[in-house]
Every structure is written in C-alpha cells, then in structure tokens.
Q: 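Let me give you the structure first, and then I'll get to my questions.
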Amino acid sequence: MSSSSVTQPPETAAIIGAGVCGLGIGWRLAQAGCKVDIFDRAQIGQGASHAAAGMLAAGVETEPGELDLLALNLKSQAAWPAFAAEIESASGMDIGYRDDGTLVVALTRDDERQLRFIHEYHRKAGIDVSWLSGSDARKKEPCLSPRVPAAVYSPHDHQVDNRALITALAKAAKRAGAMLHPGHSVDAVLVDGDRATGIATSGVRHAADAVILAAGAWCQTIEGLTHEAKPPVRPIKGQMLSVQMPSAIPILRHVLWAPGIYLVPRKDGRLLIGATNEEKGFDETITAGGLYTLLDAAWRTIPGIEELPIIETWVGFRPGSRDDAPILGPGPIDGLIYATGHHRNGILLAPLTANLVSRFVLTDELDPALHPFTLARFGEPSDAAAA
Ligand code: GLY
C-alpha cells in the first residue's frame, strides 16, 4: 500500500486460497469487522494444509543458513499454544495439539556423525536440544530399533492434527462472519492502474478493498499479475502414507525423525510416515519407489511397523519459493498482499501468518519480523536474470 494513501482499514477483503493461511487471515480480518470472502479452487483446506504432517518443528527442521527463517519460525512456535486454545474455544473442536516434543535418531555410526554436526549447529543457534545415547532414546521410545546408536531430543518441537485444524479454523472463520466459497477457482486478480480492486472467478467479478494471495503452490496459475507481481512459488511434491497403531500399545509417542523420513503419531492411533521431496510439478502419482523408500526407512527405525495395516496414501504439494522461505506482506500492487511460499512450514507459521499479515492488511504497518520476507527480496526480474 502506498505511503501517500490515507490509511483506512479495508471494509472488504477477498482471499484466494482456503488453506491454513487464507483461513487464519480471514478469521482475524472477520474478527476485526471486515467483510471477508475466501475462495478456493477445491474443497476447503484440501491442498498442502490437508497433506501436511502438522509438525511444529522450528528447532530440528532448521538447516544451516536459515537464521532469519529460524527467528520467524520460533516466533510462530511460541504463539502456537495460545493460537490452539483460541481456535478450540472459537470452534468447539479439539485440534489434536500435542506437546510431547520430537526425537531425531541416527541409524548408523555415519548418521551419528552427521547428527552430531547438526546438533552442534542447533545448539549454537540457541535451540534447546539435548543429546541422548541409544539406550536413553529407547527409554523415551521403547519400540525404536536396537540399532539406533544416538538421538537428539527437542522438547519444544510439537505437533497439531492439521486436518482437524483446518476444519476448526473454517468453523471459527465462519462463526466470525467470513464467507467461504469452495469450488470457486480464482481466474485473475483485478488490477486498476497500480491497485488491486478484486478478483474474478468463473468470469464473475468480485470487488474488494484488499486481495490476499494465499493460494500456495497454485499462485502461479492466477492471471492478471505482471511478472514482478507473481510470487516465485512452485509445487514440491511429497508422497506420504499412514498406518494404524494398535490402540492398546501405540508404538510411538513423540514425533520422530530418522534419515529420510519422519513419523508422526496421532492421538487417534494413526501413524503418519512422510515424505518424499520431488520436483515433478503437479504430478499426483503415488509411486512404488516413493512408498518403498518411506516404508523401508520407517521399518529400519521402528521394526514393529511391519504388521501394521496401511490406512491411507496421499500426495501433497508444498509451496516452495526460491529460497524456501515464505512470501509475506505487501508487493508491487497496492492492496494485493501475499501469504504464500511457506514450503515445509505452513502449519508451523499459521499463527504468525494469521496475526501479522492481517495486522498489515488492517493497519498498513508491517511487523519488523516480516521485513526479510516480502516479495521485494527477490529483486526485479532483470536482477534475477543477471544473478
Ligand atoms: N514439514 C514436513 C514436510 O514438508 O514434509
């Protein structure tokens, strides 16, 4: 939004994408009295928000070179308990928030050396993690393979049931007054001069004071944006599956990372196993190779999964930006605000995205935490080409 314009909170907002980001922002805007319409090409929350595993892993998912992202992720992680409680109270639903922490295990001496390296990096970055021997790890998780030589425990990396979260957020947003429009593919953002004026869906124009682009991996398919206003976001395919744990003896309690996989035990006994990372566009194929890789790694980590029934397989598309970090806040078109590119961290970043992007929409003030994450960081297209 331009600095010369008189700042008035928008009376109407059109949100493109009813995933965790679009719903969270819509909920906050509706709570503030804005008339909100949320459009989605499919059913509510059926994109990356449905496919995700719901890990709130600001700590153990941090990789070297991601200190700005770590700060953002930690801020959102800290907001999660209050956000979860508020959604549960607004919706009357349990969203499966679990605070058991996360274990990262090595399976070989080689993995152990690698884990030691990343553990040192995490400690120096100020993340609260502790080193465990193999036998201490098995005290926390008795079904771990006897081959596990060492592990790291991260007490603040938790999980939420992302599918329950979406259902609850949609309910909370509707109760606050937001209108949801599933099955309404947005063809274009309407732009008049240098200002967004609404969206078009199936040829029907819908005027809005603010337009929020929260369409995840599908952002590139929206017309009406100049090259520099299109966020550089692409789909990164992930295949996953789930098995059913015996209710009397859940074979896992913590979220668990092992080389090549993660395992996420749900309160209802499902055990999620994920995920592949594939650059295959919107290819929805579930492959023998993808499932084999996941099951082999899971079986080597927890041999007891061998007899468990497979209950579901699925594919999701992470919205990956050029630097794997989200794109949040303003861009080159007044009134068009971005909330996309969350890559592996969409569920983790849900509270921060909802709170800070909606605040920007309402006040035109960009929280300093978002400064490193606007679209402007990618520069002009000519700069990118020269780089
Ligand atoms: N954050 C988990 C994944 O992207 O697979």
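Computed from a predicted structure; not experimentally measured. Remember, it's 1-based here, ligands and their atoms both numbered in the order they're listed. We count residues from 1, following the sequence as given.
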Q: Please report the closest heavy-atom contact between L352 and L370, naming both atoms and the distance.
A: CD2-CD2, 4.0 Å
Q: Would you mind listing which atoms of ligand 1 come within a distance below 4.0 Å of any non-hydrogen atom of A275?
A: 5 (O)
Q: Is a donor from one side chain sitting under 3.5 angstrom from an acceptor on the other, for E141 and H254?
A: yes
Q: So, applying side chain to side chain contact (heavy atoms under 4.5 Å, CB included) with L23, which one of I166, L165, D40 is it?
A: I166
Q: Do W131 and Y153 make the cut of ring centroids closer than 6.0 angstrom?
A: no
Q: Quick test: of every protein heavy atom, which one is nearest to atom 1 (N) of ligand 1, and how far off is it to 0.1 Å?
A: R344 O, 3.0 Å
Q: Looking only at protein heavy atoms, which one is nearest to atom 5 (O) of ligand 1, and how far off is it?
A: Y262 OH, 2.6 Å
Q: Students should be able to answer this: which protein heavy-atom is nearest to atom 4 (O) of ligand 1, and at what distance?
A: R318 NE, 2.6 Å
Q: Could you report the tightest heavy-atom contact between Q239 and L291, atom names first, then the distance?
A: OE1-N, 4.3 Å
Q: Tell me whether ligand 1 is touched by H343 - counting only heavy atoms on the residue side and a distance under 4.0 Å.
A: no
